[in-house]
Protein chains: 2
Amino acid sequence: MACMSPQLDNTFHALADPTRRAILSMLLEDDMAVTDVAEPFEMSLTAISKHLGILSRAGLISQERRGRVKWCKLEPDALRDASIWMQSFGQFEAVNLDAFEKFLAAELSSGDAASGEDG
Amino acid sequence: MACMSPQLDNTFHALADPTRRAILSMLLEDDMAVTDVAEPFEMSLTAISKHLGILSRAGLISQERRGRVKWCKLEPDALRDASIWMQSFGQFEAVNLDAFEKFLAAELSSGDAASGEDG
DNA sequence: GGCATATTCAACCAAATGGTTGACGAACGA
DNA sequence: TCGTTCGTCAACCATTTGGTTGAATATGCC
């Protein structure tokens, strides 16, 4: 079942926290260093670093170290997958899920063959 | 900030659990009683009842008691809100509905009348 | 009334979460 | 080299989570 995907677990869990959603919003504007991400929050740098780790594990952002600075970059693909899953409910109420899963598989395999569905 | 919405918190948190997503999938087919929802899971009825409570608080389902039986019904509106939030990250091809419809059409024509899938 | 069915409540538990602080390593610049 | 900045690690803490069990509350049926 597509709904069992641990990737969806990670994505939705990452999105369930307002701090993390705010971080994503910030990264929408531009790539940022960890310290700069943390700046507007009343929270320790460590806490933000953990949030970024969660976003990164979920594939929602990527992080690249350049010198001392670690740059954070929005990676919308994971969001896209989750969005597609959601739209199967929001708009395709009457639609056959099997067909939709096949569609997803075809879509995903054309981009990322490694994503273990049905795990 | 739109990303701070506690409604989004609830929605995404509810979606972050594979059991709850599976429940939503089941409800996609038809309304169900709590006991029937619980049946396929290797988990106590109480646990399922809690999951349904979480889905209900998130607005993803509604529950209506008729006699002894409490019927659970999918409520796609909350999903739509979250989906809209995700689309605000518009960097990904806003879920390709056209592609999916074409896919469906292709499926139907290749499978011909053999599709017993029934909408 | 009395018993079965449907669902929730209360109490409990282990594990995970989101946060803290202090110490640490790695990279920069004077 | 020395101090500063950037970021993570380790340990800890309170709260929440997802699950259990057993009792309780409705409701329906004979």
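These figures come from a predicted structure and were not determined experimentally.
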- Rounded to the nearest Å, what distance is computed from the CG atom of residue Leu45(A) to the P atom of nucleotide dA23(C)? 17 Å
- Message: Show the nearest heavy-atom pair for residues Leu15(B) and Phe12(A), with the distance to one decimal.
- Response: O-CD1, 3.4 Å
- Task: Please report, rounded to the nearest Å, how far the C1' atom of dT7(C) is from the CD1 atom of Ile61(B).
- Result: 13 Å
- Message: By the 4.0 Å heavy-atom rule, please label Arg66(A) as base, sugar-phosphate, or nothing.
- Response: nothing
- Message: Pick the closest DNA chain D nucleotide for Arg68(A) and for Leu52(A) by heavy atoms, then say which residue is nearer the 5' end.
- Response: Arg68(A)
- Task: Measure from the side-chain heavy atoms of Thr46(B) and tell me the nearest of dT21(D), dT8(D), dG19(D).
- Result: dT21(D)
- Message: One pair to check against side-chain contact (heavy atoms from CB on, under 4.5 Å): Ile54(B) and Asn10(B). What are the steps and the verdict?
- Response: CA-CA 8 Å; Ile54(B) 289 169; Asn10(B) 289 337; over 6 Å; no
- Heavy-atom donor-acceptor pair, Arg20(B) side chain to Ala14(B) backbone, under 3.5 Å: yes
- Message: On a heavy-atom basis, which atom in Ser62(B) and which in Glu75(B) lie closest, and how many Å separate them?
- Response: OG-OE2, 2.9 Å
- So, Gln7(A) versus Thr11(A): side-chain donor-acceptor pair below 3.5 Å or not? yes
- Query: Among dG7(D), dT7(C), dG19(D), which is the nearest nucleotide to the side chain of Met43(B)?
  - Reply: dG19(D)
- Item | Between dT8(C) (C1') and Gln63(B) (CD): distance, integer Å | 11 Å
- Distance, rounded to the nearest Å, where Glu39(B) contributes CD and dA6(C) contributes C1': 15 Å
- Testing dT7(C), dG19(D), dG18(D) for proximity to the side chain of Ala47(B), the answer is dG19(D)
- Once you round it to whole Å, what is the distance between P of dA16(C) and CG of Asp9(A)? 14 Å
- Measure from CD1 on Ile48(A) to P on dG19(C) and round the result to the nearest Å. 8 Å
- hbond_proxy Lys50(B) side chain to dT7(C) base (donor-acceptor, 3.5 Å cutoff): no
- Item | Nucleotide nearest Ser44(A) (side chain, heavy atoms from C-beta), chosen from dG18(C), dG18(D), dT21(C) | dT21(C)
- Message: At 4.0 Å (heavy atoms only), tell me whether Ile54(A) reaches a base, stays on the sugar-phosphate, or touches nothing.
- Response: sugar-phosphate
- Give the nucleotide from the list dT17(D), dC6(D), dT8(D) with an atom nearest to the side chain of Val69(A). dC6(D)
- Item | Interatomic distance, His13(A) NE2 vs dA16(C) C1' [rounded to whole Å] | 8 Å
- Out of dG7(D), dG19(D), dG18(D), which has the shortest distance to the side chain of Arg65(A)? dG7(D)
- Value in whole Å for how far the P atom of dA26(D) lies from NZ of Lys70(B): 13 Å
